[in-house]
Novice: 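Let me give you the structure first, and then I'll get to my questions.
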Amino acid sequence: MEQKNYNGEGSIIKKNFSGENQTEVVCEYTLPDYFPDIKRILHVFSDVRKMGMYVSDDKIEYEGCVSCSVLYRGEDKSLQCAEFKAEFSDRIQIKGENDAVCDVVFSPKNMTLRALTPRKVSLKARIETHTDVWEEERITPEIKGVISEDKIERLTQNIGFSEISVCEETGIGVSEDINVPDNMPTVERVIHTLIHPHQTEVKGAEGKAFVRTELRGAVVYETGDTAGKIAVMPVSISVSHIVQCENMTDDSVCIGKINVYDITSAVTENTNGEKRVIELDFLYDIKILSSTEKFVTAPYDMYAVGCSGFPEYKSIKCDKSPYSLKGNFSVNAQLEKDVCENITGNISLCTGNVENASYSINDGRLVCTGTCDICAVYEGEGYDSVRVSVPFKGEIDIPQKNLNKAVCAVCRCGDVKIRYDGENYFADTEIYVDSVLSEECNYNVIQSIGFENKADGDNRGTFTFYYPTSDEGVWDVAKKYGVPTEVIKSANGISDLISHKNVILIPKKH
């Protein structure tokens, strides 16, 4: 680890503000003419992404976009998916400076979509915005009094802290051809494509971050073999990119957050003339939160021989020893019977999203709680769907038992299934967690100190602080200051052996 000495002065990067804000989004969307009328809305796939952020004075101005994919059953009993976007902007008051390190995270809450007419839908959503601000805090003790700087001795400590940095890159384009296996039917029309980040690996280097992400999902399409029938084909895509991150080092501990959007699909023929190739195009954004352990030297004590010091201390809370922890756990829940009674056919598509995730550390384990919102589309008379919320709580062992704080984490669900055992329905999913943990600790440092020369009077400073060498005894110190040995012993509660003491008090001679 890099270690710096600031001669008793230093600075750390610490979080000094966390704020919340809410933005209401309301919009209407009319179906294009080539879409059939809406008979029943089955599910809404939604995502919120940041489009811009501007820090000025005491506020952060941000812009975002809500993307919605409306999966519905048409009047002609077909399965359809229409997509639209709603942009929004807002601001949040902060406590910070223009050059602060900021992070803005959006979470959609209470998102509802309903059909106003067979050709028009309305969206209402509340977007919760969470903002974190990290700033530099100087550790510079203020020295007061008549003593000159060169007469002051410092006792220092190394303060360890996790320096936070946030870097982003947006609008990275990907084109990929997906081949439909021979054991699946040919493609007549792509209805919807789901792609979510499954696992992201970030490796830091000097000024760069190497990001590799495995994307998983499914392509829902209408088959060419049987009119009106759908098939779901799993897809897995690996993408990699290099992001320029000024503060990145080989020792940085990182989380990569990936957002996929603007997915388009087109059907083409393979070399045999069969519709078994899906041309997939999409964009994705990368946000990297990295933490690198730094050290700064700061004073915890000061003294000057022959002068009394009156220090004022302050406590600095730091996150240190950053550590990356990845893990997963299974969630298996029996569904309510009144929900399952609505399932009248085979389940064709099952998806899930994690909502209201929270993290804590208890007894050497990372505890993750939240809700998995699961939607299952099934074939009946036409198509229909059920939606269930499955609460979960899982634990992941932490190898380093000194870690006691979850700095940041990403939680997502995958491998979502709804199964039937002949009597009951169950929801099964895997919860994947990627987190950065730290050791939260406190340091006491001198904020200011006032020195008073012992010749200035007897109203204050009735003692001199003295740091003896290892070979000095009480008699040596008494001789140096002209104070009886018994007076020094009584003031400090010591014998002739004082080498084990850090400091002794020498009463003034009257």
Side-chain angles (χ1 to χ4, degrees), residues 40-48 68-72 105-113 125-126 128 192 194-199 215-218 220 232 234 257 259-260 325-362 365-380 383-397 406 409-435:
R40 176 179 169 83
I41 294 177
L42 305 179
H43 189 55
V44 179
F45 302 95
S46 61
D47 187 31
V48 182
C68 290
S69 298
V70 185
L71 191 67
Y72 73 94
V105 179
F106 295 136
S107 299
K109 302 290 183 182
N110 297 343
M111 184 173 292
T112 59
L113 188 139
R126 188 177 80 245
E128 289 189 354
H192 186 53
L194 300 168
I195 300 178
H196 299 290
H198 173 69
Q199 188 173 9
L215 304 172
R216 290 186 182 180
V220 183
V232 180
K257 296 183 178 181
N259 185 57
V260 182
L325 179 68
K326 299 177 184 289
N328 62 286
F329 54 87
S330 300
V331 176
N332 312 103
Q334 182 176 332
L335 303 182
E336 298 291 337
K337 289 187 178 297
D338 58 345
V339 174
C340 305
E341 288 173 354
N342 298 325
I343 302 177
T344 58
N346 294 328
I347 295 176
S348 301
L349 175 66
C350 200
T351 66
N353 293 311
V354 171
E355 296 183 348
N356 303 319
S358 61
Y359 313 91
S360 61
I361 294 178
N362 182 28
R365 291 183 176 91
L366 177 64
V367 181
C368 310
T369 59
T371 302
C372 190
D373 184 32
I374 296 176
C375 174
V377 178
Y378 58 90
E379 300 178 33
Y383 294 96
D384 217 327
S385 66
V386 294
R387 182 176 176 179
V388 294
S389 292
V390 178
F392 65 82
K393 180 179 180 179
E395 297 182 349
I396 302 172
D397 286 334
V410 178
C411 188
R412 54 191 173 270
C413 63
D415 307 322
V416 184
K417 298 181 180 65
I418 290 183
R419 56 184 172 87
Y420 181 61
D421 67 355
E423 295 184 7
N424 299 299
Y425 279 91
F426 296 86
D428 301 333
T429 184
E430 286 289 314
I431 304 296
Y432 297 90
V433 181
D434 189 356
S435 64

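Quantities reported herein were computed from a predicted structural model and do not represent experimental measurements.
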Novice: When rounded to the nearest 0.5 angstrom, what distance separates CD1 in I431 from OG1 in T369?
Specialist: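 I431 CD1 to T369 OG1: 11.0 Å, rounded to 0.5 Å.
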Novice: Where do Y432 and Q199 land on the side-chain contact (heavy atoms from CB on, under 4.5 Å) test, with the steps shown first?
Specialist: CA-CA 8 Å; Y432 297 90; Q199 188 173 9; over 6 Å; no
Novice: Might you point out which heavy atoms bring T429 and G414 nearest each other, and give the distance in Å?
Specialist: OG1-O, 3.0 Å
Novice: For the CG atom of L42 and the OH atom of Y383, what is their distance to the nearest 0.5 Å?
Specialist: 10.5 Å
Novice: Given side chains that start at C-beta, do those of K109 and N356 come closer than 4.5 Å, heavy atoms only?
Specialist: yes
Novice: Roughly how far, to the nearest 0.5 Å, is CG of D421 from CD of Q334?
Specialist: 7.5 Å
Novice: Are V416 and T351 close enough, and set up right, to give a side-chain contact (heavy atoms from CB on, under 4.5 Å), and what steps lead you there?
Specialist: CA-CA 6 Å; V416 184; T351 66; 6.0 Å; no
Novice: Roughly how far apart are D434 CG and C411 SG, rounded to 0.5 Å?
Specialist: 10.5 Å
Novice: Near D338 CG, under 6.0 Å, is it more than 12 heavy atoms from other residues, nucleotides or ligands?
Specialist: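 More than 12 within 6.0 Å, yes.
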Novice: How many angstroms lie between OH in Y359 and CG in L366, if you round to the nearest 0.5 Å?
Specialist: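 One finds 8.5 Å between OH of Y359 and CG of L366.
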Novice: Compare every heavy atom of K337 with every heavy atom of E423, then report the nearest pair and how far apart it is.
Specialist: O-NZ, 4.1 Å
Novice: Which of these passes side-chain contact (heavy atoms from CB on, under 4.5 Å) with R216: D415, I195, L194?
Specialist: D415
Novice: Is there a side-chain contact between D384 and T344, using heavy atoms and a 4.5 Å cut-off?
Specialist: no
Novice: Do L71 and V220 come within less than 4.5 Å of each other through their side chains, counting heavy atoms only?
Specialist: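 SC-SC contact between L71 and V220 ruled out.
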Novice: Does R387 CZ have over 12 foreign heavy atoms under 6.0 Å away?
Specialist: no
Novice: Which atoms form the tightest heavy-atom contact between V390 and A427, and what is the distance?
Specialist: CG2-CB, 4.1 Å
Novice: Looking at E336, I'd like to know if its CD atom is crowded, meaning that more than 12 non-hydrogen atoms belonging to other residues, nucleotides or ligands lie closer than 6.0 Å.
Specialist: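 Not buried by this count: 12 neighbours or fewer within 6.0 Å.
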Novice: Would you say the side-chain atoms of S435 pair up with the backbone N or O of L325, donor to acceptor, closer than 3.5 Å?
Specialist: yes
Novice: Looking at every non-hydrogen atom in both residues, tell me the closest pair between I41 and Y72 and how far apart they are.
Specialist: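 Answer, listing the atom of I41 first, then Y72: CA-CB, 4.0 Å.
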Novice: Quick one, I347 and Y420 - any side-chain contact, counting heavy atoms below 4.5 Å?
Specialist: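 When only atoms from C-beta onward are counted, Y420 and I347 do not touch, as no gap falls below 4.5 Å.
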Novice: Kindly determine whether F426 and N332 satisfy side-chain contact (heavy atoms from CB on, under 4.5 Å), including the steps that lead there.
Specialist: CA-CA 7 Å; F426 296 86; N332 312 103; 6.0 Å; no
Novice: How close do G352 and C372 get, counting heavy atoms only, and between which atoms?
Specialist: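 In terms of heavy atoms, the two residues are closest at CA-SG, 4.5 Å.
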Novice: Is the backbone of E430 close enough, under 3.5 Å, to the side chain of S330 for a donor and an acceptor to pair up by distance?
Specialist: no
Novice: Please find the pair of heavy atoms, one from K326 and one from I396, that lie closest to each other, and give the distance.
Specialist: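 Smallest interatomic distance, heavy atoms only, reads O-CG2, 4.5 Å.
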Novice: Nearest 0.5 Å, please: how far is CG in L335 from CD1 in I374?
Specialist: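 Output value for this atom pair is 7.5 Å.
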Novice: Please evaluate residues K257 and V105 with respect to the criterion side-chain contact (heavy atoms from CB on, under 4.5 Å), reporting the C-alpha separation (whole Å), side-chain torsions for both, the decisive distance (0.1 Å), and the verdict.
Specialist: CA-CA 11 Å; K257 296 183 178 181; V105 179; 4.2 Å; yes
Novice: Would one find more than 12 heavy atoms of other residues, nucleotides or ligands at under 6.0 Å from atom NZ of K393?
Specialist: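 Open.
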